[in-house]
Amino acid sequence: MQIEIKPLPAGLYFVSTPIGAARDITLRALDVLASADVLAAEDTRTLRKLMDIHGVALNDRPLIAYHDHNGAAQRPRLLKALNEGRSVAYASEAGTPLVADPGFVLARETVAAGHKIIAAPGPSAAIAALTVSALPSDRFFFAGFVPTSGGARRTALDELSEVPATLILYESPKRVHKLLEAMQLSFGGDRQVVICRELTKKFEEVIRGPLHNVIGELADRTLKGEIVVLVDRAPTRAATAEEIEEALKERLKSMSVKDAAAEVAKEMGLARREVYQAALGLTKDT
Ligand code: SAM
């Protein structure tokens, strides 16, 4: 494998790094790390280690720590480098920067200062978890870490319970049991959940099932490592006869029986024939 060291066009490069297996780095990410004028990292030791594994030398290039606690102080330094026409590569501790990781304010200020942002895309625990979950992937909602305090968490989970998409949550292993209990109150125990632990690592594990089963299965276990929790969307509730009637009555004011039935059947996901019979019944009544 040949890492290319070449001048990079000026701009801020967000570089995704592995979430476990070190070889999950892309060749382009290595090229960017090898070539950027300035490197910045949430954890400089983690980035140094990754670069060592892949034979990318730092040489005399600056490696700047940039994380949640020093962002305001460090941003001027990174923006100065961008203003001087240099390339700056930023990596968070693992996965994709900005995904439950620092980077957003830096991105905003970089754009405000008229500079380009370039992605060197790669791993993210959210997408890896969605991939192995076997839950519907047509629509998904990344909720990150939900609040840890009782009231705020309840509100957040109640809101999430209505989202018509597969939910993706991050949680620490210490709090995952409490999160699942709280989820049961907001979502009900029958909702399908998937717990993905230590993805791409030695002790990778995926636990699937209805929420109440998973809670039971994990009751005596102390979970270790990194965890993503996924939740299936709520099953669509079948429309009641009254709701079908209401919807038909509204449409029959301006539509033929056939068109009204077709539209209501489509909207409510029902068999057209069944709705047509109901519509006929309504026109006979009047
Ligand atoms: N930026 C990262 C990404 O793109 O996924 C996420 C960073 S966030 C601070 C760390 C959280 O991501 C962990 O608490 C866990 O929920 C999840 N995570 C990271 N690596 C993981 C892995 N290998 N397996 C399962 N979850 C992981």
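Keep in mind that what you see is a predicted model, and the values were worked out from it rather than measured. Start at 1 and go down the list; that is how both ligands and their atoms are numbered.
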Query raised in the report: If you take all heavy atoms of Cys196 and Leu230, which pair is closest and at what distance?
Result: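 Closest heavy-atom pair between Cys196 and Leu230: SG-CD1, 3.7 Å.
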**Report entry** Smallest separation among heavy atoms of Thr96 and Pro123, with atom names
**Finding:**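 Looking at all heavy atoms of both residues, the closest pair is OG1-O, 2.8 Å.
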Requested in this report: Check if Ala94 has a non-hydrogen atom at a distance under 4.0 Å from any atom of ligand 1.
Outcome: yes
Any salt bridge between [X] and [Y], counting N to O under 4.0 Å?
X: Glu226; Y: Lys201; answer: yes
X: Asp43; Y: Lys49; answer: no
X: Glu205; Y: Arg221; answer: yes
X: Glu198; Y: Lys202; answer: no

Report task. Select one of side chain, backbone, both or neither to describe which atoms of Val99 lie under 4.0 Å from any atom of ligand 1, heavy atoms only. Result ->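 Both of them.
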Query raised in the report: Which is it for Lys201 and ligand 1 at heavy atoms under 4.0 Å: side chain, backbone, both or neither?
Result: side chain
Protein heavy-atom partner closest to [atom] - residue, atom, separation in Å:
atom: atom 26 (N) of ligand 1; value: Val228 CG2, 3.3 Å
atom: atom 20 (N) of ligand 1; value: Glu226 OE1, 3.3 Å
atom: atom 24 (N) of ligand 1; value: Leu199 N, 2.9 Å
atom: atom 15 (C) of ligand 1; value: Ile227 O, 3.4 Å
atom: atom 14 (O) of ligand 1; value: Phe145 CZ, 3.4 Å
atom: atom 8 (S) of ligand 1; value: Ala100 O, 3.5 Å
atom: atom 7 (C) of ligand 1; value: Asp101 OD2, 3.3 Å

Query raised in the report: For atom 12 (O) of ligand 1, which of Phe203, Tyr170, Phe142 has the closest heavy atom?
Result: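 Comparing heavy atoms across Phe203, Tyr170, Phe142, the nearest one to atom 12 (O) of ligand 1 lies in Tyr170.
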Requested in this report: Between Ala91, Ala125, Ser92, flag the one that comes closest to atom 27 (C) of ligand 1 by a heavy atom.
Outcome: Ala125
Which ligand 1 atoms does [X] reach within 4.0 Å, using its non-hydrogen atoms?
X: Gly95; answer: 3 (C), 4 (O)
X: Thr96; answer: 1 (N), 3 (C), 4 (O)
X: Glu171; answer: 16 (O)

Report task. Would you check, one step at a time, whether the test salt bridge (Lys or Arg N to Asp or Glu O under 4.0 Å) holds for Lys258 with Glu263? Result -> CA-CA 9 Å; Lys258 193 173 162 228; Glu263 201 174 287; over 6 Å; no
Report task. Cation-pi check, Arg272 to Tyr276: give yes when NZ or CZ is under 6.0 Å from the six-membered ring centre and within 45° of the ring axis, no otherwise. Result -> no
Requested in this report: Keeping the roles fixed (side chain from Asp158, backbone from Ser186), state whether a donor-acceptor pair exists under 3.5 Å.
Outcome: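 A pair under 3.5 Å: no.
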Report task. Determine whether Tyr170 and Met183 fall in the same hydrophobic cluster, where Ile, Leu, Val, Met, Phe, Trp and Tyr are linked whenever their side-chain heavy atoms lie under 4.5 Å apart. Result -> no
Query raised in the report: Has ligand 1 got any nitrogen or oxygen that is less than 3.5 angstrom from a nitrogen or oxygen of Ser124?
Result: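 Yes; the residue has a nitrogen or oxygen that sits under 3.5 Å from a nitrogen or oxygen of the ligand.
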